[in-house]
Amino acid sequence: MWAPGRVNLIGEHIDYHGLAVLPMALSRRVEVAYRTRNDRRIRAVSAPYGGREFEWSTDLAPVAAGDWENYLRAAARAVAGKWGVLQGLDATVLSDLPPAAGLASSSALLVAFTLALLEANGGRASFRELMEVLPAGEQFVGTRGGGMDHAASLASQQGCATLVEFAPLAVRHIPVPTDWSFLVAASLQTAEKSGAAREEYNLRRQAGDAALARLGLGSYRDALSLAPDAAARLAAGPERDSFLHTTSEARRVLAAVEAMERGDCAGFGKLMVESHASLRDRLRVSCPALDRLVEAAMASGASGARLTGAGFGGCAVVLCRKGNAAEVRRGIAEHYYAGRRGFDERRHLIDAVPGPGALSGIPLS
Ligand code: NG1
């Protein structure tokens, strides 16, 4: 079984408030090769991280924070919660996704391992069933995230961005214009989401929820439709900033879909730059390295650039016309990476080619 990573094009830190986001799956993935066992042990080996082994039961607890075994346990727990404890497996995990880079490598592992556990037992789950268990499964690792990564990894279609709506769950595939090119550029600053950044991430979510509660609103969907000027009723501070980021980012997602549909590269790029500014100034999830990287991309002729994923390090996503992709690449290498230790162009400056999701070809209902 396999599941791809994703890059989020726009719609950052709003999926956990139930608002639509626009990621696309990458053609890089986590692969799980396995043999079914006839007992309940789960064994997995991954070249850089070594082997892990545990007994599958209904009451699996997390191991040390940051250990990759937690994702295996999260998958086993997600499956057990809905389908019960099944036969275990011996697995080998391979990945060409850089870890802790904002490309959802951990969600890809969770998705691929969950699908492997099900398939090993002769089962197959629908998109909806998987989306009932996977985002909550990831919360087992400590991040109260949303469902964007799992939805993108499961439901994307080759050549398309994936508009994911929540409550009710729906997916719309938006063809990426063939003369657009997305690049994912690593800031070389690690965003270790299972470590310190986890607390920061969860705080952003809490501030957004607190703002809603203070305004007496039930959801951000209500905030957008019923109370567009509600921010004025909040005192200056993190709650108002969170509210302003969330509501403005939701509007940018809709505008970005329209820009993509009419092939308006400059318009889409402008929305990306506005998204980055909001993440930097209101939500404060950027960092100097990501800000420099976005500036370097724009100075190199990109149409747009922004941090992608949770932030606090990780990657930026850059948009340009195919025709000037080589020039933008060269410019970023010169303006950002020159003199930075550890830069490896093949790993850190990736062409984001929209690939298929793990369920590609299977009806999503
Ligand atoms: P990353 O850290 O890039 O995997 C996280 C969340 C997303 C979303 C983004 C911010 C998980 C698994 N992923 O993504 O749901 O909230 O941050 O937009 O928690």
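Whatever order the structure lists them in is the order used to number ligands and atoms, beginning at 1. In what follows, residues are counted from 1 in the order of the sequence shown.
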I'd like to check which ligand 1 atoms, numbered from 1 as shown, lie under 4.0 Å from a non-hydrogen atom of Arg6.
1 (P), 3 (O), 4 (O), 14 (O)
Any non-hydrogen side-chain atom of Leu130 less than 4.5 Å from a side-chain atom of Leu359?
yes
Check this for me, if you would: do Arg321 and Asp179 make a salt bridge, where the nitrogen-to-carboxylate-oxygen distance has to be below 4.0 angstrom?
yes
Under 4.0 Å from any heavy atom of Glu12, which atoms of ligand 1 are there?
10 (C), 18 (O)
Which atoms from ligand 1 have a heavy atom of Asp149 less than 4.0 Å away?
1 (P), 4 (O), 6 (C), 7 (C), 11 (C), 12 (C), 13 (N), 14 (O)
Can you sort out which atoms of ligand 1 are near Ser107, meaning under 4.0 Å from one of its heavy atoms?
12 (C)
Can you name the atoms of ligand 1, numbered from 1 with element, that are less than 4.0 Å from a heavy atom of Gly146?
15 (O)
Applying a 4.0 Å heavy-atom criterion (strictly less than), which segment of Arg204 is in contact with ligand 1: side chain, backbone, both, or neither?
neither
Heavy-atom contacts with Tyr16 under 4.0 Å: which atoms of ligand 1 show up? List them by number with element.
16 (O)
So the atoms of ligand 1 within less than 4.0 Å of a heavy atom of Asp15 turn out to be 7 (C), 8 (C), 15 (O), 16 (O)
Can you confirm, on distance only, whether ligand 1 has an N/O atom lying under 3.5 Å from any N/O atom belonging to His150?
no
What atoms of ligand 1 come within less than 4.0 Å of a heavy atom belonging to Met148?
7 (C), 8 (C), 9 (C), 18 (O)
Using a strict 4.0 Å threshold on nitrogen-to-oxygen distance, state whether Glu200 and Arg284 make a salt bridge.
no
Any N/O pair His13/ligand 1 closer than 3.5 Å
yes
Could you check whether Arg262 pairs with Asp264 (Lys NZ or Arg NE/NH1/NH2 to Asp/Glu carboxylate O, under 4.0 Å)?
yes
Taking NZ, NE, NH1 and NH2 as the nitrogens, is one of them in Arg330 or Glu334 under 4.0 Å from a carboxylate oxygen of the other?
no
Can the ring centres of Tyr201 and Tyr16 be said to be less than 6.0 Å apart?
yes
Have a look at ligand 1 and work out which part of Ala310, if any, has a heavy atom under 4.0 Å from it: side chain, backbone, both or neither.
both
How about Ser248 and Arg282: does a side-chain donor come under 3.5 Å of a side-chain acceptor?
yes
What residue pairs, at least two apart or across chains, pass salt bridge (Lys or Arg N to Asp or Glu O under 4.0 Å) with a residue in residues 213-226?
Arg214-Glu239
